Amino acid sequence: MTEIPKAYDPGQVEPGRYKAWLDAGAFTARPIEGRESYCIVIPPPNVTGVLTIGHVLNITIQDILVRRARIQGKEAMWLPGTDHASIATHARVEAQLRTEGTSRRDLGREKFIDRTWEWSRDHGGKILGQLRRLGASCDWDRTVFTMDDDYNRSVLTAFVKLYQRGYIYRGKRMVNWCPVSLTALSDEEVIMKPQQGLLYKMRYELVDQPGQYLEISTTRPETLMGDTAVAVHPKDERYSRLIGGKIWRPFPKEQLPIIADDAVDREFGTGVLKVTPAHDKLDFEIGRRHDLPIVDILNPDGTLNALAGEDFDGMERFAAREFAVKKLEEMGLLVDQEPYENNVGYSQRADVPIEPRLSDQWWMRYPKVEEAKTVVRDGLVRFWPKRWEKTYQHWLENLQDWCISRQLWWGQRIPVWYKKNCDRTDPANWHVSVDGPDDPENWEQEEDVLDTWASSWLWPFATMGWPEPNENQKRDLDFFYPTSDLVTGPDIIFFWVARMIIAGLEFMGDEKETLTKEEMAERIPFHNVYFTGIIRDEQGRKISKSLGNSPEPLDLIDKFGADGLRFGIMNIAPKGQDIRFSEERITIGRNFCNKLWNACRFRQMSGPLADNSSLQAVVSRLDPQKFDEYDHWIIARLIQTVRDVDQAFSTYEFNQLTQILHGFFWGDFCNWYVEVSKTKLQSDTSRDNCLALQDLVIRQVLQMLYPIIPHITEELWSNLGYNPKGGFIHETPVDTPKTLVKALRDTGIVIDASAVEHIEQLMELVTQARSLKSNYNLASKRDVNFYITADPKNLTFIKSQSETIKRLTGAAAIIPRDDALPEAPAAVVALGTLYLDLASSIDVDAEKIRLSKELAKLEKAIATGESKLEDKKFISQAPEHVVKGARDLLAATRAKKEEIERIIDSLG
RNA sequence: GGACGGCUAGCUCAGUUGGUUAGAGCAUCCGGUUUACACCCGGAAGGUCGGCGGUUCGAGUCCGCCGCCGUCCACCA
């Protein structure tokens with residue numbers, strides 16, 4: 001046993017405690033027969049990332065869940081790792097190369113990849129190290145990187161299997177092209193942003209009727225050189241006679257057909273649409289229906305090419321827009337331009353408008369879509385909060401094929417080889433396998449790599465050795481899969497959560513077209529998904545680097561301690577809502593740790609420690625014969641708190657959790673029980689029982705707090721001798737409400753409900769007494785007397801508690817009286833009427849005003865109660881206990897009112 | 001355009017299946033070194049629960065409409 005220092009200093013405690021856990025292998029999980037398993041796989045942070053406040057939230061929740069599972073006696077495994085983040089890492093390495101005056105093309109594929117490996121090794125350890133400072137109890141020996149050799153093989157195997165099963169194909173289709181990253185993107189990587197632009201109205205001349213024009217509206221005049229038709233709605237009478245005719249494209253000057261297509265909206269603009277099949281998704285579809293030529297006037301980087309005409313060749317796309325408008329104007333073809341807001345797709349990563357572009361890509365049709373809907377609808381996979389299920393189902397119902405190829409180098413290179421000098425579009429010339437062809441000299445491998453999400457969607461099982469697990473991994477998969485909880489943000493429901501569910505259903509078992517419910521249950525990757533809120537700043541803005549409003553987590557840890565930060569952030573994170581972050585609101589965590597520390601310190605100062613080695617040991621030190629009302633009350637509150645905490649854990653209500661524990665420990669235990677203890681500890685007869693009770697409360701509270709604030713609770717658990725044979729706190733299973741109640745009952749302790757009620761009444765009396773003193777500026781005086789009138793039963797109780805009442809109120813004496821004390825401030829409470837004895841005269845008028853205010857309140861309550869009870873419908877239709885409650889309340893309120901009226905009278 | 005979420009004290013949030021006089025923390029104000037803790041203790045003030053209707057004996061809670069704020073989805077150029 002060591003003495004506890006005066007103020008809690010997390011810096012002195014946290015690193016040592018964390019190291020001790022690591023040294024003892026406390027986070028190592030092994031499949032153990034007959035033991036309940038618990039597993040979380042971490043959402044792998046980007047390998048080049050640094051810890052953000054968002055991670056703090058996410059990691060804290062996961063650590064709470066894992067540690068709670070561990071202290072419940074489950075075999076708990078938290079699997080850590082990082083993601084290679086293909087496009088993001090690419091962008092950062094390329095940016096670095098630019099500062100060196102070189103580029104990835106100059107470097108070549110191999111050297112670029114070497115360089116990127118170097119980069120990720122330099123940065124990769126960083127974020128994992130930061131997680132340790134937060135106290136993350138990951139099983140670090142299992143750390144996985146999505147570019148590890150084994151993981152690569154998993155990704156390639158998944159590709160090959162899906163290819164063989166007919167879900168993967170290569171095709172020339174419209175893709176979202178990022179002109180900065182120079183790669184195709186999936187639909188999910190495109191963000192629609194409203195854009196202030198211009199809507200141009202221009203006119204094209206009819207070939208057959210020179211001097212006659214058709215007016216066309218567009219927001220993108222720079223693509224007109226790629227137009228290969230204009231289209232109208234087939235039923236649009238304004239234009240029906242022109243269908244089948246021709247029109248002049250002004251430059252490069254060419255005749256275009258006028259066609260009819262249902263997709264044209266008659267209401268929009270003039271109802272005439274210019275059709276650019278190479279650069280617009282809708283136009284591409286129209287072009288396909290009408291067999292229109294496709295003229296691609298854009299280079300991959302978004303500049304125009306020679307097909308746009310000599311004067312546009314090489315021009316940047318937005319410069320080309322201005323230039324095209326200028327040309328139209330000069331030719332007298334620009335009719336109008338007006339401000340216009342429309343939605344433009346942006347590349348999520350590069351933050352520039354994407355170009356719809358026709359190109360050869362690899363696509364995936366999703367397998368097991370129906371099953372993916374079923375498992376969530378039927379609760380095999382539960383979402384918290386539930387409302388995200390709707391978002392998930394909606395996405396699955398409107399699924400588009402997934403573009404999985406990226407024109408990048410960092411990532412899993414697509415395992416397809418093309419026969420040299422042969423037609424790449426013909427699958428007969430393809431070789432698809434994990435290891436490649438036996439005669440590599442005759443083949444060329446596909447240049448593209450896979451979308452990062454096409455590797456991370458395998459995370460829950462590829463991290464455990466799928467598809468070729470060794471003996472240990474096989475046991476892991478059997479034991480830990482399906483995993484228990486997934487904790488992530490709702491922004492990646494589509495990117496990651498939905499796809500992991502699909503991948504699990506497809507791969508975690510033999511190839512099957514459809515699955516039974518039992519098979520689904522075995523294959524799902526996790527049972528619960530907890531969606532965190534998104535952290536915002538005090539003004540409700542998103543946290544972002546450019547706004548400079550991102551809190552620095554490591555500074556916060558220095559300031560508040562990891563435990564303080566953890567408690568604080570849990571306290572301010574409402575379930576399913578975005579979180580307003582402010583540093584000030586984190587102080588509650590630090591303050592709470594300090595309170596906990598000092599309460600334990602006070603316990604240590606109050607008397608020698610006795611046997612605390614187990615729940616039974618502590619409980620057996622209690623002496624039911626010596627229980628007073630306070631003891632009953634605190635035990636009742638403790639049991640209720642254990643129940644509430646249980647409930648909060650099982651419904652993932654983490655802010656609730658901190659509030660329950662904060663309220664009980666600080667509000668009930670410290671402010672009332674410990675204060676009362678100060679009297680009890682002076683008496684030899686009550687001391688030991690009181691200390692045992694404190695030990696019990698502290699013990700149970702430490703257990704419940706451990707998942708949230710593990711370092712400090714571990715330290716105190718050890719300092720107060722709760723650890724039999726030096727074990728960690730989590731090695732003693734946390735008591736359930738049942739085990740706690742049973743242990744108490746076995747010792748002969750049964751909660752006396754009337755004692756609990758008495759204490760609540762006593763607390764009211766004390767509060768009112770303090771209030772009276774404070775109202776007369778006597779709060780700090782110790783020589784004040786109180787008088788009380790009460791019925792004999794209550795008086796006996798009050799007398800028995802007079803010492804603690806005196807201590808809690810700071811009064812000199814509490815003196816029974818038979819009648820009212822004239823001209824004295826008074827308060828009516830459940831136990832009687834309390835009078836503040838004032839040696840000097842009081843401000844009678846002020847006191848009258850105060851009491852009148854209270855009287856008004858009571859009269860209002862009486863009026864409400866009376867009208868309710870006079871209502872026959874209420875009497876006949878409301879449940880009996882509600883009616884009785886209303887009657888009792890009315891009676892009590894009337895009595896109180898009469899008493900206050902008497903006091904007012906006595907004031908003269 | 002559709003869907004979802006939020007609107008309760010100055011701020012951030014609780015308010016279970018409708019049922020006593022709507023709560024907490026922070027901030028504010030007043031008073032305090034009492035046998036742990038000033039990262040503390042005691043007290044006070046502060047709300048027509050976004051608006052309007054409806055159901056009901058009874059609505060912060062259920063229903064309808066409206067208003068802001070936010071998020072997601074959507075091929076009107």
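Remember, predicted model here, so these are calculated numbers, not experimental data. Letters go in sequence order (proteins before strands), and every chain restarts at 1.
A donor-acceptor pair shorter than 3.5 Å cannot be found between the side chains of A/S582 and A/E584.
Going from the C1' atom of B/C40 to that of B/U34 covers 12 Å, rounded to whole Å. B/A22 and B/C57 have their P atoms separated by 23 Å, with the value rounded to a whole Å. A gap of 14 Å separates the P atoms of B/G23 and B/A44, to the nearest Å. B/C72 and B/C63 have their P atoms separated by 26 Å, with the value rounded to a whole Å. Comparing B/A45 with B/A27, their C1' atoms are spaced 13 Å from each other, to the whole Å. Distance check on atom C1': B/G31 versus B/G50 gives 38 Å, rounded to whole Å. Nucleotides B/U8 and B/A24, compared at atom C1', are 13 Å apart to the nearest Å. For the C1' atoms, the distance linking B/C66 with B/C7 amounts to 14 Å, nearest Å.
Among the nucleotides B/U21, B/A77, B/G15, the one closest to any side-chain atom of A/L889 is B/U21. With distances taken from any side-chain atom of A/R770 to the nucleotides B/G43, B/G25, B/A36, the minimum falls on B/G43. Taking the side chain of A/N342 as heavy atoms from C-beta on, and the options B/U21, B/U71, B/A77, the nearest nucleotide is B/A77. Among the nucleotides B/C39, B/A74, B/G43, the one closest to any side-chain atom of A/N343 is B/A74. Out of B/C72, B/A14, B/C37, the shortest distance to the side chain of A/F494 is found at B/C72. Nearest nucleotide to the A/S771 side chain, out of B/A44, B/U21, B/A14: B/A44. Listed nucleotides: B/U35, B/C57, B/C41. Nearest to the side chain of A/W666: B/C41. Candidate nucleotides B/U21, B/C37, B/G42 were compared by shortest atom distance to the side chain of A/S774, and B/G42 ranks first. If you check B/A27, B/U21, B/G70 against the side chain of A/A861, the one that comes closest is B/U21. Taking every side-chain heavy atom of A/T219 into account, B/A77 is the closest of B/C57, B/A77, B/U35.
Atom CG in A/L890 sits about 10 Å away from atom P in B/U21, given to the nearest Å. Rounding to whole angstrom units, NZ of residue A/K390 and P of B/U71 are separated by 20 Å. Between A/R603 atom CZ and B/U35 atom P there is a gap of 19 Å when expressed in whole angstrom units. When the C1' atom of B/C11 is taken as reference, atom CG of A/N571 falls 14 Å away, rounded to whole Å. For the pair A/K857 NZ and B/U20 P, the computed distance is 17 Å after rounding to whole Å. The separation between A/L565 atom CG and B/C39 atom C1' is 16 Å, rounded to whole Å. In this entry the distance linking CD of A/Q659 with P of B/G23 reads 16 Å, nearest Å. For A/N598 and B/C41, the CG to P distance is 10 Å, given to the nearest whole Å.
Annotation for A/E267: atom CD does not count as buried by contact number, only 12 or fewer foreign heavy atoms lying within 6.0 Å. Shown here is A/R288, whose CZ atom has no more than 12 heavy atoms of other residues, nucleotides or ligands within 6.0 Å. More than 12 heavy atoms of other shown residues, nucleotides or ligands fall within 6.0 angstrom of atom NZ in A/K678.
Nucleic acid contact class of A/A599 (heavy atoms, under 4.0 Å, all strands): base. Using a 4.0 Å heavy-atom criterion, one finds that A/R266 contacts no nucleic acid atom at all.
Taking side-chain N and O atoms only, A/K274 has no distance below 4.0 Å to OP1 or OP2 of B/A77. Note on A/T767: every side-chain N or O is 4.0 Å or more away from OP1 and OP2 of B/G42. In this structure, A/K281 does not reach the B/A74 phosphate: none of its side-chain N or O atoms is under 4.0 Å from OP1 or OP2. A sub-4.0 Å separation between OP1 or OP2 of B/U12 and a side-chain N or O of A/R580 is present. For the pair A/W388 and B/A3, the criterion of a side-chain N or O lying under 4.0 Å from OP1 or OP2 is not met. Note on A/R585: every side-chain N or O is 4.0 Å or more away from OP1 and OP2 of B/C26. The side chain of A/N591 places an N or O atom within less than 4.0 Å of a non-bridging phosphate oxygen (OP1 or OP2) of B/C40. Contact check, A/N775 against B/G31: no side-chain N or O comes under 4.0 Å of OP1 or OP2. Look at A/Y340 and you'll find a side-chain N or O under 4.0 angstrom from OP1 or OP2 of B/A77.
Here the two rings, on A/W388 and A/F383, have centers that are 6.0 Å apart or farther.
Note: A/F665 and A/F592 have perpendicular aromatic rings, judged against thresholds of 30 and 60 degrees for the angle between ring planes.
A salt bridge is absent between A/R249 and A/D227; no separation between the charged side-chain nitrogens and carboxylate oxygens falls under 4.0 Å. A salt bridge is absent between A/K868 and A/D871; no separation between the charged side-chain nitrogens and carboxylate oxygens falls under 4.0 Å. For the pair A/E355 and A/R220, the salt-bridge criterion is met [side-chain N within less than 4.0 Å of a carboxylate O].
Nucleotide B/U55: unpaired (no Watson-Crick or G-U wobble partner with both distances less than 3.5 Å). With a cut-off of 3.5 Å on both Watson-Crick or G-U wobble distances, the partner of B/U61 is given as none. Pairing for B/U33 is absent, judged as Watson-Crick or G-U wobble with the two contacts each under 3.5 Å. Under the Watson-Crick and G-U wobble criteria, each requiring two contacts below 3.5 Å, nucleotide B/A9 is left unpaired. A 3.5 Å limit on both hydrogen-bonding distances identifies B/U28 as the Watson-Crick or G-U partner of B/A44. Under the Watson-Crick and G-U wobble criteria, each requiring two contacts below 3.5 Å, nucleotide B/A14 is left unpaired. Here B/G1 sits opposite B/C73 as a Watson-Crick or G-U wobble pair (both hydrogen-bonding atom distances under 3.5 Å).
For B/A36, its base sits under 3.5 Å from the side chain of A/E675 at one donor and acceptor pair at least. A donor N or O paired with an acceptor N or O is not found under 3.5 Å between the base of B/U56 and the side-chain atoms of A/Q877. In the interface, the side chain of A/R387 is not paired with the base of B/U71 through any donor and acceptor atom under 3.5 Å apart.
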